[in-house]
**Student:** 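Here you go, one structure.
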Amino acid sequence: MKYRSRLKCLCCNKKNLSEIINLGNHSFADRFIPYKKKNKKDPVYPLIVDLCRSCHFIQSRTVTDPKKRYIDLDYSYTSANSNYSRDHWMKFATSLENKTNLKNKKIIEIGSNDGFLSSILKLKGANVLGVDASKFMVKICKQKKINSIQTIFSFKQSKKIKKIFGKADIIIANNVFNHSNEPSDFLKGVYNLLKEEGMLIFEQPNFTIGTLSLKFDQIYHEHISYFTATNIKSILNYNNFKINHLSKNDYHGGSLRTIAIKKNSNLKQFDISKFLHFEKKNNIYRINYYKKMMNKINLKKEKLLKKLSNLINDGYVISGIGAGAKSNTFLTFYGLDNSTIKFLTDSSKYKQNKFTPLTRIPIKDDKELIKYKKIACIILSWNISKLIINKIKKLNKKIKLMYT
């Protein structure tokens with residue numbers, strides 16, 4: 001596949017980038033293949049992460065087309081997919097309601113997905129507009145009576161949205177701001193749509209926690225920017241925003257939730273020095289740190305592949321639990337395809353009976369696990385492992401569990 005590389009930092013625009021992580025060639029991690037397209041080749045690109053030595057912004061190197069990422073195939077991830085995610089977004093809505101009165105507030109949710117959060121905010125009295133790149137997700141939103149627009153958000157699109165909806169009191173961009181090919185243009189669009197005392201709220205995986213726990217599988221082509229407290233502060237500062245609040249939570253195995261406001265806002269600025277100190281203390285802006293990290297990851301890979309080989313020789317069927325984007329990064333990097341992994345299970349009806357990209361592993365309902373007496377399962381959705389283990393052990397007590 002043809003591609004180009006980013007040569008300048010997405011934050012400070014300087015040509016001072018250094019490679020820190022290289023996971024080889026991958027397709028899009030959120031791409032799940034319907035049966036009729038099973039034999040069609042997937043797009044493949046180098047999955048490389050660079051660090052800007054000037055401002056410490058962390059970003060993907062390969063430029064991919066967002067239309068290919070979100071529109072070529074129906075997007076399969078839904079916010080309402082599990083009790084865990086539903087509970088998280090209900091708490092998010094309650095937290096927002098405790099911070100400000102939502103009655104008649106104009107809220108734009110960029111990356112509205114299946115409209116689960118927008119539906120809750122609407123019930124709380126907000127005037128909500130959903131914006132999503134996926135035609136399929138916008139269709140689901142409209143079925144839920146959520147006012148929705150299908151577009152890839154940008155400054156240009158913000159002008160069109162403003163004509164339709166006007167300026168917003170709150171703009172939400174959970175797990176989508178890091179998907180933007182041009183994060184500064186994204187913020188320019190938000191600035192254009194936001195009232196002077198308005199709030200931008202976005203939540204993203206915490207890259208610091210991910211690297212410290214060796215969870216490389218949150219790296220994929222859909223993720224363009226990799227957020228730490230340092231580079232959240234940097235990208236906001238370059239685009240006339242400041243931080244009103246920053247907090248950690250356990251979603252996606254560790255996330256940062258940011259409330260940003262315009263620089264000229266009368267709302268208070270938040271002190272993030274504790275976050276910055278933690279990152280500096282753990283050396284995550286030193287290139288040598290990532291060499292050591294990749295050595296540890298490769299050692300884990302070697303051990304698990306050996307364990308799988310022994311289990312197969314002992315007559316075990318190998319399965320994976322959880323067909324998420326992180327699962328696809330893990331499977332591709334480990335070289336685990338349908339010759340080793342018989343199937344994955346997932347609770348989402350939008351993923352079942354589809355196949356993983358490149359590795360072409362079929363995705364089944366959890367009940368598939370009942371059929372086997374000798375089965376070993378890799379817990380791919382490690383962020384909700386406790387919930388998963390309780391569920392699958394009830395289906396089959398003989399399952400042997402393995403962890404990534």
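Keep in mind that what you see is a predicted model, and the values were worked out from it rather than measured.
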**Student:** Which atoms form the tightest heavy-atom contact between Ser265 and Lys242, and what is the distance?
**Tutor:**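 Smallest heavy-atom distance, with atoms named: O-NZ, 3.3 Å.
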**Student:** Could you tell me if Asn16 and Arg53 have a donor-acceptor pair between their side chains, going purely by distance under 3.5 Å?
**Tutor:**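 Side-chain D/A pair, Arg53 to Asn16: present.
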**Student:** Using only atom types and a distance under 3.5 Å, with no angle test, would you say the side chain of Thr94 pairs donor to acceptor with the backbone of Met90?
**Tutor:**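 Yes, Thr94 side chain to Met90 backbone: donor-acceptor pair under 3.5 Å.
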**Student:** Take Ile108 and Ile172 through the side-chain contact (heavy atoms from CB on, under 4.5 Å) test and state the conclusion after the steps.
**Tutor:** CA-CA 6 Å; Ile108 298 172; Ile172 297 169; over 6 Å; no
**Student:** Tell me whether the count of non-hydrogen atoms from other residues, nucleotides or ligands lying under 6.0 Å of CZ in Arg286 goes above 12.
**Tutor:**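 Counting other residues, nucleotides and ligands, CZ of Arg286 stays at 12 neighbours or fewer.
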**Student:** Looking at Arg31 and Asp42, is there a salt bridge between them, counting it only when a charged N and a carboxylate O are closer than 4.0 Å?
**Tutor:**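 Arg31 and Asp42: salt-bridged.
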**Student:** What's the verdict on side-chain hydrogen bond (donor to acceptor under 3.5 Å, both in side chains) for Asn178 and Gln204, showing C-alpha distance, side-chain angles and the deciding distance?
**Tutor:** CA-CA 7 Å; Asn178 59 335; Gln204 315 290 186; 2.8 Å; yes
**Student:** Distance under 6.0 Å and angle within 45° of the ring axis: does Lys354 meet both against Tyr35?
**Tutor:**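 No, Lys354 does not lie over the aromatic ring of Tyr35.
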**Student:** Does a side chain donor of either Trp382 or Asp217 reach within less than 3.5 Å of an acceptor in the other side chain?
**Tutor:**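 Note: Trp382 and Asp217 side chains meet the donor-acceptor criterion.
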**Student:** Taking the six-membered ring for Trp, are Phe343 and Phe355 closer than 6.0 Å centroid to centroid?
**Tutor:**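 No, the ring centres sit 6.0 Å or more apart.
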**Student:** What closest approach, in Å, do Asn282 and Leu212 show between heavy atoms, and which atom pair accounts for it?
**Tutor:**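 Closest approach of Asn282 to Leu212: OD1-CD2, 3.8 Å.
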**Student:** I'd like to know whether Lys122 forms a side-chain hydrogen bond (donor to acceptor under 3.5 Å, both in side chains) with Asn147, so could you lay out the CA-CA distance, the side-chain angles of the two residues, the decisive distance to 0.1 Å, and finally the verdict.
**Tutor:** CA-CA 10 Å; Lys122 187 179 176 182; Asn147 185 17; over 6 Å; no
**Student:** A side-chain contact here means heavy atoms from C-beta on lying under 4.5 Å apart; do Val190 and Phe241 qualify?
**Tutor:**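 Sidechains of Phe241 and Val190: in contact.
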**Student:** Decide side-chain hydrogen bond (donor to acceptor under 3.5 Å, both in side chains) for Asn231 and Thr228; before the verdict, give the C-alpha distance in whole Å, the side-chain angles of both, and the deciding distance to 0.1 Å.
**Tutor:** CA-CA 5 Å; Asn231 58 36; Thr228 64; 3.3 Å; yes
**Student:** Does atom NZ (Lys291) have a neighbourhood of more than 12 heavy atoms from anything else shown, all under 6.0 Å?
**Tutor:**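 Not more than 12 within 6.0 Å, no.
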**Student:** Quick one: does Lys374's side chain have a donor or acceptor within less than 3.5 Å of a partner on Asp314's backbone?
**Tutor:**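 Flag set: sc Lys374 to bb Asp314 pair under 3.5 Å.
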**Student:** What closest approach, in Å, do Lys326 and His252 show between heavy atoms, and which atom pair accounts for it?
**Tutor:**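 So the two residues come closest at NZ-ND1, 4.1 Å.
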**Student:** Just by distance, no angles: are the side chains of Asn328 and Thr356 close enough, under 3.5 Å, to form a donor-acceptor pair?
**Tutor:**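 Not at all, the side chains of Asn328 and Thr356 share no donor-acceptor pair under 3.5 Å.
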**Student:** Taking all non-hydrogen atoms of both residues into account, name the closest pair between Ser225 and Leu10 and its distance.
**Tutor:**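 Ser225 and Leu10 have their closest heavy atoms at OG-CD1, 4.4 Å.
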**Student:** Any salt bridge linking Asp169 with Lys106? Criterion: basic side-chain nitrogen under 4.0 Å from a carboxylate oxygen.
**Tutor:**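 Salt bridge absent between Asp169 and Lys106.
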**Student:** Think Lys400 forms a cation-pi with Tyr372, using NZ or CZ under 6.0 Å from the six-ring centre and within 45 degrees of its axis?
**Tutor:**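 So Lys400 doesn't make the cation-pi contact.
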**Student:** Please determine whether side-chain contact (heavy atoms from CB on, under 4.5 Å) holds for the pair Phe92 and Asp87, giving the CA-CA distance in whole Å, both sets of side-chain angles, and the decisive distance to 0.1 Å.
**Tutor:** CA-CA 9 Å; Phe92 178 99; Asp87 183 58; over 6 Å; no
**Student:** Test Glu97 against every option in Lys91, Lys105, Lys124, Lys103 by the salt bridge (Lys or Arg N to Asp or Glu O under 4.0 Å) rule and name the one that passes.
**Tutor:**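 That would be Lys124.
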**Student:** I want to know whether Tyr251 and Tyr84 have ring centres closer than 6.0 Å.
**Tutor:**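 Tyr251 vs Tyr84: aromatic centres under 6.0 Å.
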**Student:** Going by atom types alone, do Ser118 and Glu109 pair a side-chain donor with an acceptor below 3.5 Å?
**Tutor:**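 Short answer, yes.
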**Student:** If I compare all heavy atoms of Met294 with all of Ile20, which pair ends up nearest, and what's the gap?
**Tutor:**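 Nearest heavy atoms, Met294 then Ile20: CG-O, 4.5 Å.
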**Student:** Would you sort out whether Thr359 and Asp337 count as a side-chain hydrogen bond (donor to acceptor under 3.5 Å, both in side chains), showing the intermediate values?
**Tutor:** CA-CA 4 Å; Thr359 53; Asp337 59 18; over 6 Å; no
**Student:** Hey, are the side chains of Ile235 and Asn239 touching, using non-hydrogen atoms and a 4.5 Å cut-off?
**Tutor:**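 With C-beta onward as the side chain, the pair touches.
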**Student:** Quickly, which of Tyr285, Tyr226, Phe227 forms a ring pair (Phe, Tyr, Trp, His ring centres under 6.0 Å) with Phe207? Name it, please.
**Tutor:**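 The ring pair (Phe, Tyr, Trp, His ring centres under 6.0 Å) with Phe207 is passed solely by Tyr226 among Tyr285, Tyr226, Phe227.
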**Student:** Would you indicate whether the side-chain heavy atoms of Asn181 and Arg6 approach each other to under 4.5 Å?
**Tutor:**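 Yes, side chains in contact.
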**Student:** Taking the side chain as every heavy atom from C-beta outward, state whether Met293 and Ile21 have any pair of such atoms under 4.5 Å apart.
**Tutor:**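 Side chain of Met293 against side chain of Ile21, heavy atoms only: contact under 4.5 Å found.
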**Student:** Closest approach of Asp366 and Asp346, non-hydrogen atoms and distance?
**Tutor:**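 Closest approach of Asp366 to Asp346: OD1-N, 3.9 Å.
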**Student:** Go through it in stages, so that I can follow the logic: the residues are Asn249 and Glu203, the test is side-chain contact (heavy atoms from CB on, under 4.5 Å), and I'd like the CA-CA distance, side-chain angles, deciding distance and then a yes or no.
**Tutor:** CA-CA 9 Å; Asn249 64 62; Glu203 188 172 295; 3.2 Å; yes
**Student:** So does Asp250 have more than 12 non-hydrogen atoms from other groups sitting under 6.0 Å from CG?
**Tutor:**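 No, not enclosed.
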**Student:** Please check this pair: side chain of Ser309 against backbone of Lys306, looking for a donor-acceptor N/O pair closer than 3.5 Å.
**Tutor:**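 Side chain of Ser309 to backbone of Lys306: no pair is present.
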**Student:** Is the Lys NZ or Arg CZ of Lys262 less than 6.0 Å from the centre of Tyr191's six-membered ring, within 45° of the axis?
**Tutor:**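 Ring-cation test returns yes.
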**Student:** For the ring pair His26 and Tyr45, is the centre-to-centre distance below 6.0 Å?
**Tutor:**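 Not close enough - the centres of the two rings lie 6.0 Å or further apart.
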**Student:** With side chains defined as the heavy atoms from C-beta onward, is the minimum distance between Phe333 and Phe216 less than 4.5 Å?
**Tutor:**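 Phe333 vs Phe216: side chains touch.
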**Student:** Within this structure, what is the CD1-CG distance for the pair Ile110 and Asn175, rounded to the nearest 0.5 Å?
**Tutor:**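 Going from the CD1 atom of Ile110 to the CG atom of Asn175 covers 13.0 Å.
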**Student:** Does the ring centre of Tyr350 sit less than 6.0 Å away from the ring centre of Phe136?
**Tutor:**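 Ring centres of Tyr350 and Phe136 closer than 6.0 Å.
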**Student:** Verify the distance criterion only: is there a donor paired with an acceptor across the side chains of Ser134 and Asp132 at less than 3.5 Å?
**Tutor:**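 Short answer, no.
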**Student:** Run Leu401 and Ile379 through side-chain contact (heavy atoms from CB on, under 4.5 Å) and show every step you take.
**Tutor:** CA-CA 7 Å; Leu401 299 175; Ile379 306 298; 3.9 Å; yes
**Student:** Are Phe177 and Phe186 close enough that their ring centers fall under 6.0 Å?
**Tutor:**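 Yes.
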**Student:** Does either side chain, that of Arg257 or that of Asn206, offer a donor lying less than 3.5 Å from an acceptor on the other one?
**Tutor:**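 Their side chains do not contain a donor-acceptor pair, so the 3.5 Å distance test is not met.
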**Student:** Regarding Asp72 and Lys67, does a basic nitrogen lie under 4.0 Å from an acidic carboxylate oxygen?
**Tutor:**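 Salt bridge flag = no for Lys67 with Asp72.
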